[in-house]
Amino acid sequence: MIIDVSELRKSYRTGNVVTEVLKGVGLRLDEGEIGVILGPSGSGKSTLMNLIGGIDRCDSGKITVDGIEVTRLTDEELTLYRRERLGFVFQFYNLIPNLTVGENIEVVSNISTSPLKTDEVLDAVDMLDKRNRFPQELSGGEQQRTSLARAIVKNPGLLLCDEPTGALDYDSSLSILKLMQGINVRFRTTILMITHNSAIAGLAHRVFRLRSGEITEELVNKSILPAEEIIW
Amino acid sequence: MLKMTINRRIRRILSENRSQYIGSFILIVLSSFLFSFMGQFACNFKRLADNFRINNIQEDASFVTSVSLTSLTELESMADAVIEEGLKFDYQLADGLTLRIFSMNEKINLPGIVEGRNVMADGEILLNPVFAESNGFGIGDEIKIHGKSYTITGYLALPNYMYLLQSEVDMMPRPGFGIAVVSRKDFAGFGIGSPFYSVKFNHSPEPLRVRSARLRELIVEKGVEIAEWTNADDNKRINIVDAEVEIISMVSKAVPTAILLLAVIIVSRIVSRLIKRDSTIIGTLYALGYRKREIYFHYLRLPLALAITGSIAGALPGLLPVRAMVSFIFDAFNIPLTEIETDAGRMAASLIIPVLIIVLSSYIVIRSRLRRSPADLLRGRKEKTGINFLERALNLEKVGFTVKFQIREQLRSLSRVTFLLLGIAVATVMMQWGFSLKKSTDFLLTGGVSGIYEFGYEYKFDRLRADPLPYGAEPFSAALFVPPGAEKKDLYVMGVLPASGMLTLTGKSGALLSTDMVIATIPAAKMLNTAEGEPIRVIRKIDGREFTIRVDEIADTYAGNFIFMPVDEYNKMFDMPEGSYNGAFSNVLLDLPADVSHSMVTMEEKMAGVEELLGPTKSMIGFVVFMAAIIGMIIVYLVSSMIVDENTITISLMKIFGYRRKEVSNLVLNSSTMVVVLGYLLGIPLTMSAIGSMIQSLEDSVGLIVPPARISLPYILIGFLVIMLAYEVSKRLSKRKVNAIPMSEALKAGME
């Protein structure tokens, strides 16, 4: 198993008001699996993702990723953890506007110990011919493909995706999901995705429903659908 | 009421991004301060000098004749002028201390009392303040001249000695030289002194030069030989004041304008970014019923607040050091500091110009940004941030990621990179200007003169002599000439001994030039626009006669405007008696008869004063370099802050991707390094051209030709170190901002 989360708690304080966002969450995901966390806005999905990604710290509980106890890491160790093991895909792509597609990929390969070739990952996401374009010259789907290429260039063990199709139309969403599924198969990359779109759960090995900071349901998907068959 | 409420935002906006506003505020303050301070300084300097000239009746010309004029009244009426005879002699007070003592005039060149009172009785004397103070003479003290004690009743300034040059060929005053005035009766008691005449023409529209020439003719017609004639326009003791005022005026406009330009760029950028960020708010304000002009006015409040507070905070304190600065400069220019006045027009300009320019440029920016429709603004649709031509044109395939990232970062905003480039260039110009000032001063005081003169004393006689000189002395003859059509520029033609041992002149190749031929210094050759072997026409100032000289060689020196030729040839060419001379270079003190009126300067006096004279220059240079470093630091800090602000998401993203803080800082903040270096390199030729304009101004106003601007390698390196140090300090300050950006910024991106 690559991810093991147990009894995870996190609250935020605003003035005198304390909001408990995660109330003892636990989940497990094995290597090479796709996990989907489903939940409405405010359920704590993003907070859970940030804690697993080492971007935020929990109040209590334990997160272990690939044998590393993330909750015990120092700031410097967290930096190395993100640098070497994780890939991130964001809802709004977060490409650097003044860098070309190729250069956006290099932002990550620049600090990776053994990155894949830029052209290889661009080819994998079908963006090789747009290598020298700037983000604003791309459609939303193309921007997300670039974002995906950037995430996988370091060949990470774990890909964290925050609503990767949230800003895309149906066709573009399907093509991104297809790519993700392909990456999962081709590079055996474990993928943890958060979304409010329950249809996407069709392609996951495991599905977690999160509501008001608690996992209310965990499903193991026996009949995984190919991305192109997902409909919403 | 609604409008009042929305305007409360401005204060909050100002406190949100304090560093940028403080930086631009400081630039506005600095610009207004310099506008006000240097402007008021230039106005007061000019006013005090003009008042002194008028109130104390500055001469229009002065001359020396071979015999005393007997019919002054007749001459005055024929020339429609006032002519007054004065007397003077140089008294050696101590080794290296020469006091030029004048008899009290009653009509022209009246002493201005700087402190104390005028002489009222016998046995009283006035001294110039710098000489008195530097040699420990206070008011009420006694001073002994030719064995008789005189009481110092006050400090004086003379309108014909505003710039205290001992000799007309000097470029700077000598510390051991002073002037004094005693009553005519006391002067008669000395039993020595050479007469000279001061002329003041009565008011007439006719040019002074023409009237001056006519008076010369009248004197010659009376059979009197004129030994020396100097019009006030050609008198460096008078006209250097005009040159100085002109230079100060030029600098007082150029430096604050350059700083204001930087402030305008930065404020415009701030306003532009604010409106871009506020597009949804602006759309909402339209939807709420606000008019376009109300929104304009709302966003104009920010630059208006910065400009008004900045110009007040700069212009008013700019008045404070004016007196101190005038007093400081009047150590070099002997002019009474009667009263400092505030020039209302200049003051108003110092307050209004920065406000007008900043508000106008901000208005243009706001107008261009508010062209989008309210619906567009309301939807918060982002303006397309176009890729500029440079970004598109660059092929960075072959360079490493760090360099690629940094080049892209700088090219992202051409206005930002222009601001940085210009800012560093302005700071460099200021600094190198200071350095080159020191270099030129060093040259004028030491290298320029000591390199060619090999004598200890220079004598100038008021009458032609023919007596043999002792061993160790060489005669010379000299007269002032002007090129045709350029009466402000003058040069000395000097007859010297062929193969003179007192002058060392070298050609461009470095070979020694013998003085048995006609040799021009570089400034003289430039002034006459001549080369070796070409005949040139010159007009003798004293009588307006034209002569043609053929220059054989040009000596590689900037030590004054001279043409040297063998003295016998000189006497023949200019119709002077054979064997005559009017000066001498000497390595021994000459034992001259008491009736030989003369002046003498020693080379030691000149050299000994170098360090003393350089003192104020050094502190001024220190101040200029410090200011330049501060400006450089503000500029780099502002740009670094902008880069950090504009890259918040990128920085946050990099942190998420696993970049260490140090790596992020290096990547983002070091991106300005190449622009800082380029700005510095750009500043060097700009400095050369700025100094070139100053040199041209000196040449045009007083005919002073100085060496072409040269910036030495050590100063280039020192300047570079200062700028890089300022850059490092500002980077360090910005690093904190980079470190403070949380990773959550990237996660929130696109959600607003």
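Just so we're on the same page: letters track the sequence lines, and every chain starts at 1.
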Check your understanding: Can you list the steps and then say if B:Leu653 with A:Phe90 is a side chain to side chain contact (heavy atoms under 4.5 Å, CB included)?
Key -> CA-CA 10 Å; B:Leu653 206 57; A:Phe90 306 94; 3.5 Å; yes
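- Only the side chain of B:Glu397 has a heavy atom closer than 4.5 Å to any heavy atom of chain A.
- Residues of residues 112-124 of chain A never come closer than 4.5 Å to chain B when only heavy atoms are counted.
- Contact of A:Asn132 with chain B is made through the side chain alone, with heavy-atom distances under 4.5 Å.
- Atom CD1 in A:Ile96 sits 10.0 Å away from atom CD1 in B:Ile651 (nearest 0.5 Å).
- At a 4.5 Å heavy-atom cutoff, A:Arg85 makes no contact with chain B through either its backbone or its side chain.
- If you take CD on A:Gln91 and CG on B:Leu747, they are separated by 11.5 Å, rounding to the nearest 0.5 Å.
- Judged by distance alone, with hydrogens and angles left aside, the side-chain atoms of A:Asn94 form a donor-acceptor pair with the main-chain N or O of B:Ala746 at under 3.5 Å.
- Residues B:Lys404 and A:Leu99 are not in side-chain contact: their nearest non-hydrogen atoms beyond the backbone lie 4.5 Å or more apart.
- The contact between A:Glu137 and chain B is made entirely by side chain atoms (from C-beta outward), counting heavy-atom distances below 4.5 Å.
- Both the backbone and the side chain of B:Ile656 come within contact range of chain A, with heavy atoms under 4.5 Å apart.
- Residues A:Ile111 and B:Phe657 share a closest heavy-atom pair of CD1-O, 3.5 Å.
- Annotation for B:Arg412 and A:Pro97: closest pair NH1-CB, 4.3 Å, computed over non-hydrogen atoms.
- Counting heavy atoms of neighbouring residues, nucleotides and ligands inside a 6.0 Å radius, atom CZ of A:Arg57 exceeds 12 of them.
- Proximity to chain B is limited to the side chain of A:Asn50, based on heavy atoms less than 4.5 angstrom apart.
- Using a 4.5 Å cut-off between heavy atoms, A:Ile55 touches chain B through backbone and side chain atoms alike.
- The closest side-chain heavy-atom distance from B:Leu396 to A:Glu103 is below 4.5 Å.
- Note: B:Arg660 leads B:Glu663, B:Glu391, B:Arg660, B:Arg392 in heavy-atom pairs under 4.5 Å with chain A.
- Counting non-hydrogen atoms of neighbouring residues, nucleotides and ligands closer than 6.0 angstrom, the NZ atom of A:Lys23 exceeds 12 such neighbours.
- Put simply, the side chain of B:Tyr659 reaches to within 4.5 Å of the side chain of A:Val107, judged on heavy atoms.
- Counting heavy-atom pairs under 4.5 Å between each of B:Lys655, B:Arg661, B:Met654 and chain A puts B:Lys655 at the top.
- Heavy-atom proximity under 4.5 angstrom to chain A picks out nothing from residues 669-681 of chain B.
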